[in-house]
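On a predicted model such as this, the values are computed, not experimentally measured, just so you know.
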Amino acid sequence: MLTGTIINTSTILAGSALGLLLKWLAGKCTVSGTLGGRLQDTIMKGVALCVLYIGISGALKGSNTLVAILSMATGAIIGEALDLDRRMLALGDWVQGKTARFIKGDASSVAEGFVTASLLFCVGAMAIVGALENGLTGNYDTLKAKAVLDGISSILFASSLGIGVAFSAIAVFLYQGAISLLAGFIAPWIGEAVQAEMTCVGSLLIAAISLNILGVTKIKVMNLVPACLMPILLCRIL
């Protein structure tokens, strides 16, 4: 029942490890500090543009603008009430303290990598459909395909955003695993229309992350994460 999710999380961990190795090797290269800093900044900007593309393309899959607006509004209220952004930074502090000898950088970079990768790997339709398929039928072909895509993506993001990307494997395991285990109960609630709107809302958050990386905005994306679940209720109400 969880075979596909286990494969998926394993490829994320493997890809993150390879990405961190590439990042470490890049740091050891005999390039001047100025050139090294410029190169890292350029890579980050390139990654941000890729994230923006993913966000825009996913957002276009939605068909009900009202659901997206209400999801963002209600999600923001819940996120601000729970102060998820502060809690995520606190988690970053904890991770930073526990792994200080291995992690270079501040806690916010850990949280940034975790949030960015978690959203990318969790909000897509493949995560929902694949987990439901695995839970209901035992077939995990969709999650195997997703595992390949996530593994490749994790190499890229870990090489630029750091070890926080590896911790997104925990979020993927809990998210997809819960869907697989509860597949029989939640399948009637998550039809194609709900999947499309969840993907739309989540993709808007991905676009917000890219704008943060580019320095255009300072959106507290984590406080908007509850919006991803709102279409489950709103699609039925509307």
Side-chain angles (χ1 to χ4, degrees), residues 1-16 58 61 67 71-72 74-75 78-79 81-85 87-88 90-92 94-95 111 113-151 153-154 164-206 209 221-237:
M1 185 176 291
L2 296 179
T3 304
T5 296
I6 292 173
I7 293 173
N8 198 173
T9 54
S10 298
T11 57
I12 292 172
L13 290 172
S16 297
K61 295 180 180 179
V67 170
S71 294
M72 283 294 182
T74 54
I78 295 172
L82 297 175
D83 202 359
L84 296 178
D85 185 74
R87 295 177 187 277
M88 179 57 68
L91 177 61
W94 181 82
V95 172
F114 172 73
V115 174
T116 301
S118 295
L119 284 173
L120 284 171
F121 300 154
C122 290
V123 301
M126 290 182 75
I128 301 172
V129 174
L132 286 174
E133 180 183 59
N134 195 188
L136 292 172
T137 68
N139 187 307
Y140 50 90
D141 288 343
T142 300
L143 288 184
K144 281 196 296 184
K146 180 177 180 292
V148 174
L149 296 174
D150 290 353
S153 298
S154 63
V165 176
F167 291 105
S168 69
I170 300 173
V172 172
F173 181 81
L174 294 176
Y175 177 70
Q176 292 181 179
I179 292 176
S180 293
L181 292 174
L182 300 173
F185 174 74
I186 65 177
W189 291 78
I190 307 182
E192 292 184 3
V194 175
Q195 292 174 31
E197 299 307 325
M198 289 179 71
T199 300
C200 172
V201 174
S203 297
L204 290 174
L205 300 189
I206 291 174
I209 287 175
V221 178
M222 198 62 205
N223 283 353
L224 293 171
V225 166
C228 295
L229 301 178
M230 292 300 103
I232 298 176
L233 295 176
L234 292 174
C235 283
R236 284 186 170 269
I237 294 173

Would you say S180's side chain and A131's backbone share a donor-acceptor pair under 3.5 angstrom?
yes
What pair of heavy atoms forms the shortest contact from G4 to N134, and how long is it?
N-OD1, 3.1 Å
Do L234 and E197 have side chains that approach each other closer than 4.5 Å (heavy atoms only, starting at C-beta)?
no
Output, in order, the C-alpha distance, side-chain angles, deciding distance and verdict of side chain to side chain contact (heavy atoms under 4.5 Å, CB included) for M72 and L205.
CA-CA 9 Å; M72 283 294 182; L205 300 189; 3.6 Å; yes
Heavy-atom count around Y140 OH within 6.0 Å, excluding the residue itself: above 12?
no
Nearest heavy-atom approach of M126 to T142 is CE-O, 3.5 Å
Closest approach of A147 and I7, non-hydrogen atoms and distance?
CB-CG2, 4.0 Å
Backbone N/O of D85 and side chain of N223: donor-acceptor pair under 3.5 Å
yes
Which distance, rounded to the nearest 0.5 Å, do you find between the CG of L204 and the CG of L224?
10.0 Å
Between Y175 and I128, is any pair of side-chain heavy atoms under 4.5 Å apart?
yes
Report yes if some heavy atom in the side chain of V165 is under 4.5 Å from a heavy atom in the side chain of T116; otherwise report no.
no
Can you tell me how far apart CZ (F185) and CD1 (I179) are? Round to the nearest 0.5 Å.
13.5 Å
Heavy atoms, side chains only, cut-off 4.5 Å: are T9 and D150 in contact?
no
Heavy-atom closest pair, residues L229 and M198
CD2-CE, 4.2 Å
Partner residues of Q176 under the side chain to side chain donor-acceptor pair (under 3.5 Å) criterion, sequence neighbours left out:
N8, K146
Short question: side chain of T74, backbone of S71 - any donor-acceptor pair under 3.5 Å?
yes
Got a sec, which residues hit side chain to side chain contact (heavy atoms under 4.5 Å, CB included) with A187, two or more places apart in sequence or on another chain?
L132, L136
Got P226 and L84 here, is their nearest side-chain heavy-atom distance under 4.5 Å?
yes
For S118 and A171, work out which heavy atoms get closest and say how close.
OG-CB, 3.6 Å
Quick one, L143 and T5 - any side-chain contact, counting heavy atoms below 4.5 Å?
yes
One should read off an interatomic distance between S10 OG and F173 CZ, to the nearest 0.5 angstrom, of 9.5 Å
Show your working on side chain to side chain contact (heavy atoms under 4.5 Å, CB included) between L181 and L2 and close with a plain yes or no.
CA-CA 8 Å; L181 292 174; L2 296 179; 4.1 Å; yes
So which atom in A169 and which in I12 form the shortest heavy-atom distance, rounded to 0.1 Å?
CB-CG2, 4.0 Å
Minimum side-chain heavy-atom gap L119-V221 below 4.5 Å:
yes
By salt bridge (Lys or Arg N to Asp or Glu O under 4.0 Å), K144 pairs with (sequence neighbours left out) D141
